[in-house]
Amino acid sequence: AGRIAHELLCRLIRRLGFLPSPMDVAFYIMPRPPPHAPATLCLIVDDIVVGSDEAHADYIMNEIAKHYETKGTHPVSDICNINITRQPDGYAMDQTEYTHRLLRRHGYDVLPASTTPLEPDFHAGPEDDRPQSGRDLPEFANPRVILGELGFLRITRPDLAHAISILSTAVTCWTPK
């Protein structure tokens with residue numbers, strides 16, 4: 001049923017003039033004549049994010065509301081733990097709050113900062129599974145869980161992608177103490 005509902009929504013989006021992006025199945029673009037910028041639409045779980053001028057975004061959401069129950073519209077400020085800030089020249093995205101919550105939850109907020117990217121010859125393995133601050137890691141510090149949550153940061157921090165990838169290869173070596 002979920003797949004059929006998704007396909008029906010995608011058909012409606014295409015009828016409104018959006019074209020599916022070849023890069024992402026959840027992203028659509030609506031070409032518009034100058035001086036208007038193209039409109040964008042992104043399906044994220046059960047949210048629809050429309051990027052356009054306010055009047056056009058309202059029109060799109062009203063058309064969707066004719067076919068689906070919606071909760072209304074509001075400016076996007078946070079979606080999927082990504083903070084979105086409107087600036088004069090566009091939008092800025094960051095995951096600062098998510099990062100701080102993640103580090104606090106796993107007890108890593110007191111460890112010293114480290115630079116990224118990792119050195120090209122860095123090798124993660126059992127001998128590297130020791131804290132650098134001199135204190136023991138929390139008992140619940142399962143690197144599989146932490147690295148899974150850190151992987152979400154790659155959206156706004158591509159500089160972390162390499163480090164997360166390298167460290168992920170070492171989780172098979174991890175055993176609880």
Side-chain angles (χ1 to χ4, degrees), residues 1-109 116-117 140-165 167-168 171:
R3 185 175 177 157
I4 293 170
H6 177 76
E7 181 56 36
L8 292 173
L9 177 59
C10 291
R11 286 182 192 169
L12 172 62
I13 290 168
R14 288 190 296 269
R15 277 198 313 269
L16 290 173
F18 284 93
L19 303 173
S21 167
M23 306 303 270
D24 189 329
V25 296
F27 190 73
Y28 293 82
I29 301 168
M30 176 190 286
R32 296 174 68 197
H36 303 288
T40 58
L41 184 142
C42 189
L43 300 174
I44 303 172
V45 187
D46 62 349
D47 290 325
I48 299 173
V49 179
V50 177
S52 186
D53 58 79
E54 190 172 344
H56 193 240
D58 286 344
Y59 165 77
I60 293 166
M61 289 308 298
N62 286 334
E63 289 298 311
I64 292 172
K66 289 178 183 177
H67 304 275
Y68 294 91
E69 183 179 336
T70 63
K71 296 179 182 173
T73 62
H74 60 277
V76 174
S77 61
D78 181 319
I79 191 159
C80 293
N81 289 312
I82 300 171
N83 301 319
I84 302 171
T85 309
R86 186 175 200 143
Q87 298 180 338
D89 59 342
Y91 292 90
M93 298 188 311
D94 73 76
Q95 291 178 289
T96 305
E97 288 303 314
Y98 174 77
T99 305
H100 289 297
R101 283 194 312 267
L102 173 73
L103 294 174
R104 275 192 306 273
R105 180 171 48 246
H106 294 288
Y108 287 112
D109 56 329
T116 58
F140 57 87
N142 181 336
R144 291 179 184 103
V145 173
I146 296 165
L147 287 169
E149 293 174 343
L150 283 173
F152 192 63
L153 292 174
R154 292 179 290 187
I155 296 169
T156 58
R157 293 288 308 274
D159 58 317
L160 295 177
H162 176 70
I164 293 168
S165 174
L167 294 173
S168 295
V171 296

Quick one: closest heavy-atom pair of Asp109 and Arg104, and the distance? OD2-CG, 3.4 Å

Verdict with supporting geometry, Ile64 and Leu41, side-chain contact (heavy atoms from CB on, under 4.5 Å): CA-CA 12 Å; Ile64 292 172; Leu41 184 142; 4.2 Å; yes

Closest heavy-atom pair, Ile60 versus Ala39, reported as atoms and distance to 0.1 Å, is CD1-CB, 4.5 Å

For the residue pair Tyr98 and Leu153, what are the closest heavy atoms and their distance? CD2-CD2, 3.5 Å

Could you tell me if the side chain of Asp53 sits less than 4.5 Å from the side chain of Arg32, heavy atoms only? yes

Can you tell me if Tyr28 uses its side chain to pair, donor with acceptor, with the backbone of Leu43 under 3.5 Å? no

Within a strict 4.5 Å, meaning less than it, do heavy atoms of the Arg105 and Leu102 side chains meet? yes

Closest contact, heavy atoms only, Pro31 versus Gly17: CD-O, 4.1 Å

Which salt bridge (charged side-chain N to carboxylate O under 4.0 Å, His left out) pairs, counting each pair once, include a residue from residues 88-100, with sequence neighbours left out? none

Can you confirm whether His56 sits close enough to His36 that some side-chain heavy atom of one is under 4.5 Å from a side-chain heavy atom of the other? no

Between Arg11 and Leu8, is any pair of side-chain heavy atoms under 4.5 Å apart? yes

From CA spacing to verdict: side-chain contact (heavy atoms from CB on, under 4.5 Å), Leu160, Leu150: CA-CA 9 Å; Leu160 295 177; Leu150 283 173; 5.8 Å; no

